[in-house]
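Values below: every heavy atom of this structure, side chains too, minus hydrogens, waters and symmetry copies.
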Amino acid sequence: GQPTPDFLLLRAQVLSNVVHAWLASDSTATAVIMDLPRAWDPAAQAFLAAFTGRLAFFEGSVTEEAAWAGLSEQHGSAFTHVISGAAVTPTRADEEAGAARILDVNLFGAIRALEFARSLPDLHRFVFVSSDAVYAPPGLVRPPLEGEEPQSSMALYSLSKFAGEKAVGRWAELFGLDATCVRFADVYGQLDRDTGARNRHNAPYWVCRQAVAGQPVRVQGALDDLGWDYIAAPDVGGALCALLRAAQRPALPVYVIGIGRPVPHAELLEAVFAAAPPGES
């Protein structure tokens, strides 16, 4: 009962929106999601329920060679598109507790995905999901506030994403792999939830959560402070599918998917409460 896949997604979270866009735009398209069971929770299953006959979930960790062997055994080598997005988004405490594991998932998981992609005879395109965290000052995902000292080293999430980009470029050069990278702006929207690998949420998540609950939003600091580039998950899905389906090999090693400007917190609050005024569900 498993579909013959043409698409493999590693990480069933925000990128489930890519699967949704991929399957919704082509009635013959199929996909396999490779991830740990926590990512295939009731929210993800409900979100993709319309595509049950063209979608398979393969339970496995990108860090385990046995999982890659099992994937090949179960689904063969008919994949034409691969997205590598498996990642841990750690706090400093997470880094202190398991720095090596973070790099194993975020960086070496991507390298294992590259090796798998290199074995596919009909591969059309490989995409590595990086992050806008690579733009940040060392160790931070925002400019330092007044009087605040930046960290002297790069956080492991940023470090692993930047290193992953370079690995993709090297594999493309060495093996002629049709491969590129994408850096998402800060994504919000469908399936933004705690999963164990992603338990940190951005300002749109918290503002929308409070608005839906009819609760006040408390802002610490000035509303005109520098915001961030935020993008809705469905827009990410559409943009990435366009890159995957493009006939020509990507001209750039990295593509940025975002709106291209920081959204101040005041503008964010105005947009959310215009869409869902206080007191409305």
Chemist: So L156 and N106, do their side chains get closer than 4.5 Å, heavy atoms only?
Modeler: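 No. Closest side-chain heavy atoms not under 4.5 Å.
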
Chemist: Flag yes if L55 and F57 sit in one hydrophobic cluster, no otherwise; membership is Ile, Leu, Val, Met, Phe, Trp, Tyr, and two members link when side-chain heavy atoms are under 4.5 Å apart.
Modeler: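 Yes; tracing contacts between hydrophobic side chains, which count when under 4.5 Å, links both residues.
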
Chemist: Closer than 3.5 angstrom, by distance alone: can the side chain of S84 be matched with the main-chain N or O of F128 as a donor-acceptor pair?
Modeler: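 Not confirmed, S84 side chain does not pair with F128 backbone.
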
Chemist: Measure from the side-chain N and O atoms of T180 to the backbone N and O of P253, and report whether any donor-acceptor pair falls under 3.5 Å.
Modeler: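 Such a contact is found between T180 side chain and P253 backbone.
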
Chemist: Report the distance from atom CD1 of I83 to atom CG of L240, rounding to the nearest 0.5 Å.
Modeler: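 Interatomic distance, I83 CD1 to L240 CG, rounded to 0.5 Å: 4.0 Å.
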
Chemist: Out of curiosity, D41 CG to F47 CZ, how far, rounded to the nearest 0.5 Å?
Modeler: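 The CZ atom of F47 is 12.0 Å from CG of D41, to the nearest 0.5 Å.
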
Chemist: How long is the gap from CG on L48 to CG on N17, to the nearest 0.5 Å?
Modeler: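 Answer rounded to 0.5 Å: 8.5 Å.
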
Chemist: Determine the interplanar angle of the F116 and W68 rings, folded into 0 to 90°, and report it as parallel if under 30°, tilted if 30 to 60°, perpendicular if over 60°.
Modeler: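 Ring orientation of F116 relative to W68: tilted.
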
Chemist: Taking all non-hydrogen atoms of both residues into account, name the closest pair between S61 and A67 and its distance.
Modeler: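 That would be O-CB, 3.4 Å.
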
Chemist: Report, as yes or no, whether the 6.0 Å neighbourhood of atom CD on E96 holds more than 12 heavy atoms from other residues, nucleotides or ligands.
Modeler: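 Counting other residues, nucleotides and ligands, CD of E96 exceeds 12 neighbours.
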
Chemist: Tell me if a side-chain donor or acceptor on D229 pairs with a main-chain N or O of G260 at a distance below 3.5 Å.
Modeler: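 The answer is yes, because a donor-acceptor pair under 3.5 Å joins these two groups.
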
Chemist: Test R170 against E173 for salt bridge (charged side-chain N to carboxylate O under 4.0 Å, His left out), laying out the working first.
Modeler: CA-CA 5 Å; R170 188 57 173 165; E173 181 179 334; 3.1 Å; yes

Chemist: Can you tell me how far OH of Y157 sits from CD1 of I102, rounded to the nearest 0.5 angstrom?
Modeler: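 Answer rounded to 0.5 Å: 12.0 Å.
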
Chemist: Could you check whether any side-chain heavy atom of D6 comes within less than 4.5 Å of a side-chain heavy atom of T28, counting everything from C-beta outward?
Modeler: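 A side-chain contact under 4.5 Å is absent here.
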
Chemist: Under 4.5 Å between any side-chain heavy atoms of D26 and R245, yes or no?
Modeler: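 They are in side-chain contact.
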
Chemist: Check K161 with E165, please: is the shortest side-chain N to carboxylate O separation under 4.0 Å?
Modeler: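 No salt bridge links E165 with K161.
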
Chemist: Quick test of your reading: applying side-chain hydrogen bond (donor to acceptor under 3.5 Å, both in side chains), list the pairs with at least one residue in residues 117-126, sequence neighbours left out, ordered by first then second residue.
Modeler: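 Listed by first then second residue: E115-R118, R125-D178.
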
Chemist: Minimum heavy-atom separation for A29 to W22, with atom names?
Modeler: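 It is CB-NE1, 3.5 Å.
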
Chemist: Using the rule that two of Ile, Leu, Val, Met, Phe, Trp, Tyr join whenever any of their side-chain heavy atoms come within less than 4.5 Å, decide whether V129 and Y255 are in one cluster.
Modeler: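 Linked within one cluster.
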
Chemist: Determine, using the 4.5 Å side-chain heavy-atom cutoff (strictly less than), whether V254 and L252 are members of one ILVMFWY cluster.
Modeler: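 No, because V254 and L252 fall into different hydrophobic clusters, even though each may have its own neighbours under 4.5 Å.
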
Chemist: Would you check if the side chain of T30 reaches a backbone N or O of R54 as a donor-acceptor pair within less than 3.5 Å?
Modeler: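 It does not hold such a pair.
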
Chemist: Does the side-chain contact (heavy atoms from CB on, under 4.5 Å) test come out yes or no for V187 and I257, once each step is laid out?
Modeler: CA-CA 10 Å; V187 182; I257 299 177; over 6 Å; no

Chemist: Are more than 12 heavy atoms from other residues, nucleotides or ligands located less than 6.0 Å from atom CZ of F58?
Modeler: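 Counting other residues, nucleotides and ligands, CZ of F58 exceeds 12 neighbours.
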
Chemist: Please report the closest heavy-atom contact between W40 and A44, naming both atoms and the distance.
Modeler: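 Between these two residues, the closest heavy atoms are CE3-CB, 4.1 Å.
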
Chemist: Between the main-chain N or O of R101 and the side-chain N or O of D104, is there a donor-acceptor pair closer than 3.5 Å?
Modeler: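 Checking the backbone N and O of R101 against the side chain of D104, no donor-acceptor pair under 3.5 Å is found.
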
Chemist: Give the minimum heavy-atom separation between A31 and V19, together with the two atoms involved.
Modeler: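 So the two residues come closest at CB-CG1, 4.3 Å.
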
Chemist: Considering non-hydrogen atoms only, spot the tightest contact between P121 and S77 and give its length.
Modeler: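 Scanning both residues, the minimum pair turns out to be CD-O, 3.6 Å.
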
Chemist: About how many Å separate CG of L114 and CD1 of I111, when rounded to the nearest 0.5 Å?
Modeler: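 Those atoms lie 7.0 Å apart.
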
Chemist: Atom CZ of residue position F51 - does it have more than 12 heavy atoms of other residues, nucleotides or ligands inside 6.0 Å?
Modeler: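 Yes, because the 6.0 Å sphere around CZ of F51 holds more than 12 heavy atoms from other groups.
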
Chemist: Could you measure the distance from the OG1 atom of T63 to the CG atom of L36? Nearest 0.5 Å is fine.
Modeler: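 Between T63 OG1 and L36 CG, I get 8.0 Å after rounding to 0.5 Å.
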
Chemist: Charged N to carboxylate O below 4.0 Å: is that the case for R112 and E65?
Modeler: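 A salt bridge is present here (some side-chain N lies under 4.0 Å from a carboxylate O).
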
Chemist: If every non-hydrogen atom of S130 is compared with every non-hydrogen atom of V134, which pair is closest and at what distance?
Modeler: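 It is OG-CG1, 3.8 Å.
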
Chemist: Would you say the side-chain atoms of D186 pair up with the backbone N or O of Y230, donor to acceptor, closer than 3.5 Å?
Modeler: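 The answer is no, because no donor-acceptor pair under 3.5 Å joins these two groups.
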
